[in-house]
Novice: 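After the structure tokens below, expect a handful of questions from me.
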Amino acid sequence: MRTRKIVSFFAALGFLAATRNALADERAEARRHFRAGLDLVRQAEYLRAVDEFQEAYRILPNVNVLFNIARAYADAGDLDRAIEYYQRYLQGEVPDRGDVEAVLRALEGRRRAAVTPAAPVATPTPPTATTPGPGVSPPAGAEGATPPQPALSGGALSAEQLTSLRAAAQTILQFTEGAPASLSGPTPPSPGPTPAPPAATPAPQPPRARDDARDDTYEERVVTASLSSQSTLDAPNATTVITAQDIRLSGLTRIAELLRRAVGVDVTTIESSDTQVGIRGFNRRLSNRVLVLVDGRSVYLDFLGVTLWPLLPVSVEEIERIEIIRGAGSALYGADAFSGVINIITRAPGEGRNSVSTGLGTGGQFRAQVMNSGRSGQVSYRLGAGYEQAGGFTRLVDPTDRTYRVASPDRETAVSGLRATLDLSAPLGPRTALRGGVNVFDGQLWFNAIGPLRRFWTDITFVQPSLQLTHGGFTARAFLNSVRGSAGEYLQREGVSAFNNRFNQDVFDVELRYARHLNAGAVPLDLTLGASYRAKYISWNFLNADHLLHHFAGYAQVQARFGRRLSTVASARVDRHPVLDAPVFSPRLAVIFRPTERRAIRLSGATAFRTPTFLELYLDLQNPTPLPGVGVRGQGGEVFDNGQQRLSAENNLSLDLGYTDQTSDRVQWEITGFYSSGTNLIELSNVLFDPLPGQSNPGGIIDVGRFRFANDPFATRVYGVEAGLRLSPIEGLDFYANYTLARTAHDAGTLREGDQRTPQHKLNLGAQLRTSFGLDFAVDTHLISATVWREQDFDPDRGVIYESYPIDGSLLLNARVGYRALRDRLELGLVGTNLTDNRARQHPFGAPLSARVLGTVTLRY
């Protein structure tokens, strides 16, 4: 009954919003106004064009629009406003700063020349043979006669000033589509012989990327697929973008949950603090086959080999967009981009509005976030700080239980922590910029471990300082992932000693990259070269010793365009891992054909790999079992001493064929067929029992056997189809729908034989509505089919073995209603997740999910 009331409440609000005027998808609506402005510029309707550009900027701010506003004002002759908008444009991180600064100087000179008063100019009288007396005019046509000259007032321009003005005007006109051969108007008389002018300085040319002949300012663009900004139609991988509008309207505050809406992405929620993400299959209890980046920097925890999503040192308010690259990504990113890459791109320093947000809800939810962005002189900055907490979905043990006790410092709170962000940037010259900062998370969370281990708690601190220098086509970047923490079992059997541990990680990355545009005859090429070094130091008492490893890599990429329709992308990377026997080579080749301007067919193939983690290499741990006094020892590939071959890297061969149609702003769709083949997948083996009575260990526990990490010699293949659709049928209503069909096949004999953890069918449906009077509504529905997980468990007779755990299909319904007031400065929201309260599990060891509601208040200033 309670669930029906909640669903009915959100449905009623949605119906109310649907009956009123609304605004369409922000990006599509802004693009329409921007294109209308471009059309008006071509018709020389400059002031009307400004109105359209300003409306586009109001809907969705974009620095390129400021350039077009400035240029339209310059064409219209409004120098003051042209200068104002060029100056605003230059406050952002723009690639054509030098060219625009030259144009700005020319405009300012033109404005000064137009307002500077000139001294009266005496008209010289040429000498004549005879000079008439006063009041006598020479006869018309007489030799040497001087025609009457117009008198110049005190405010008229001198000849020198007019010459300067003419030069400035020539510069501006050349910048805005070229100047005519001559300017209309009389040529001022020269007072005498004119000295030869100095050599003319070539006029600054317009920045090609900002030419108003292009209309892609609001086109969906990505940088992750090829390390350069490009249309999704030109990307060499299947790509999904989750926009800032999608994030805001959904009301979701956990980043991993936002990824459910993306086609081909598998999101498994084990606990409110523990969500695992896979792409095109290969998900696991601790997912380590998707590379997660924040502004291009890895947030991978190398000691454990996982991304802990609550640990990410960034809040949803700071995100500009999330780019999801489906398919192998090692050709550019190396290890761990096994089945895809997720790049969380934050707002640039100095951009966006300042805000204060807070939220309070059921399930122990509370959050607060402050973000401040601005500029001080040449330095742009973004400061963010926040706190978040949430309780677990269920209590694992009753307080009266005498068998187990809760060893976690907090019995109820699944995640709590503080985040802080400092992001700075400054131009050092026309083609040089420096950006750097630090991201911090400090808190506690629960997560599920691997093998026979279950829920763990951890107190953890993650610090990531970074620095990036760009000069022309060169980029140098360095960052450090420093992690400190302690952890232990959430539940501890009475009478068994605590199973706690401490860990330290310092991973230092340095990367150098060079990009250049070339021409091979009539074929334009974009060349990218790069090299990287990574040092990993891990100290963890789960391992046999402390370890320091050095990694080296180099990569190259060439993008070629053959006419307007055909382009190719060829990439290759070589990684040297200190534990692997040989370097790893990762190629990628993609062919993109554009049958029309807004349609694309893509065929791509690539390989990817994942290197063994420190846990998989150096684990040496006595694992307690449910039997008192009995344990089994887990060992890594470099510790297990039975003469077996060393661990190899996991490998993935990925192929896909896709078609994308973005012809209409109202209807956009895509369909992709994909195939992935995973080999040498690293898994835990079953227990190898020692002869009785086993080996005695300190503390009285007896090891009865060992299990280890090993490469499975049998392959696992995932293949299927991804289809996506986005509709804006009327102003204000935006639908999306996508469907993924995935089939998993294992070679006979694999440890995972019978595993079907990737849902065979996955359907996502959603709608967004923004009204002109401030009411917003969004709903997201996620349906997944039944799955079967093969997981390790302890059997008293057979030890640690793999068992099959079937999971029923489930429906997840999320919705949000919001209201914007005070010109969008104040926003109120009510967010409901799992509104059907179905108590479904998404993993055999996971908690049953319950319904939750969160109320939010945001103030922007």
Novice: Taking the basic N atoms (NZ, or NE/NH1/NH2) and the acidic carboxylate oxygens, is any pair closer than 4.0 Å for Arg280 and Asp266?
Specialist: no
Novice: Which of parallel (below 30°), tilted (30 to 60°) and perpendicular (above 60°) describes Tyr533 and Phe552?
Specialist: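 Because their plane-to-plane angle lies in the 30° to 60° range, the rings of Tyr533 and Phe552 count as tilted.
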Novice: Cation-pi check, Arg599 to Tyr659: give yes when NZ or CZ is under 6.0 Å from the six-membered ring centre and within 45° of the ring axis, no otherwise.
Specialist: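 So Arg599 doesn't make the cation-pi contact.
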Novice: Before accepting this row, confirm whether a basic side-chain N of the pair Glu220/Arg321 lies closer than 4.0 Å to the acidic partner's carboxylate O.
Specialist: no
Novice: Under the criterion side-chain contact (heavy atoms from CB on, under 4.5 Å), I'd like the reasoning laid out for Leu291 against Ile342: C-alpha separation, chi angles, the key distance, then a yes or no.
Specialist: CA-CA 6 Å; Leu291 181 63; Ile342 298 172; over 6 Å; no
Novice: Flag the pair His517 / Gln559 as yes when at least one side-chain heavy-atom distance between them is below 4.5 Å, and no otherwise.
Specialist: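 A side-chain contact is absent here, since even the closest heavy-atom pair is not under 4.5 Å.
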Novice: Please confirm whether Tyr73 and Tyr46 have ring centers closer than 6.0 angstrom.
Specialist: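 No, too far apart.
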Novice: If you count every heavy atom of other residues, nucleotides or ligands that lies below 6.0 Å from Arg565 atom CZ, does the total exceed 12?
Specialist: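 Enclosed.
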Novice: For the side chain of Glu323 and the backbone of Val223, is there at least one donor-acceptor N/O pair under 3.5 Å apart?
Specialist: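 Flag set: sc Glu323 to bb Val223 pair under 3.5 Å.
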Novice: Run the side-chain contact (heavy atoms from CB on, under 4.5 Å) test against Thr611 and tell me which residues pass, sequence neighbours left out.
Specialist: Ala335, Asp336, His577, Leu580, Phe609
Novice: Is it the case that more than 12 heavy atoms not belonging to Arg576 sit under 6.0 Å from its CZ atom?
Specialist: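 Yes - once you tally the heavy atoms of other residues, nucleotides and ligands closer than 6.0 Å, there are more than 12.
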Novice: Working to the nearest 0.5 angstrom, can you tell me the gap between Asn439 CG and Gln464 CD?
Specialist: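 Answer rounded to 0.5 Å: 5.5 Å.
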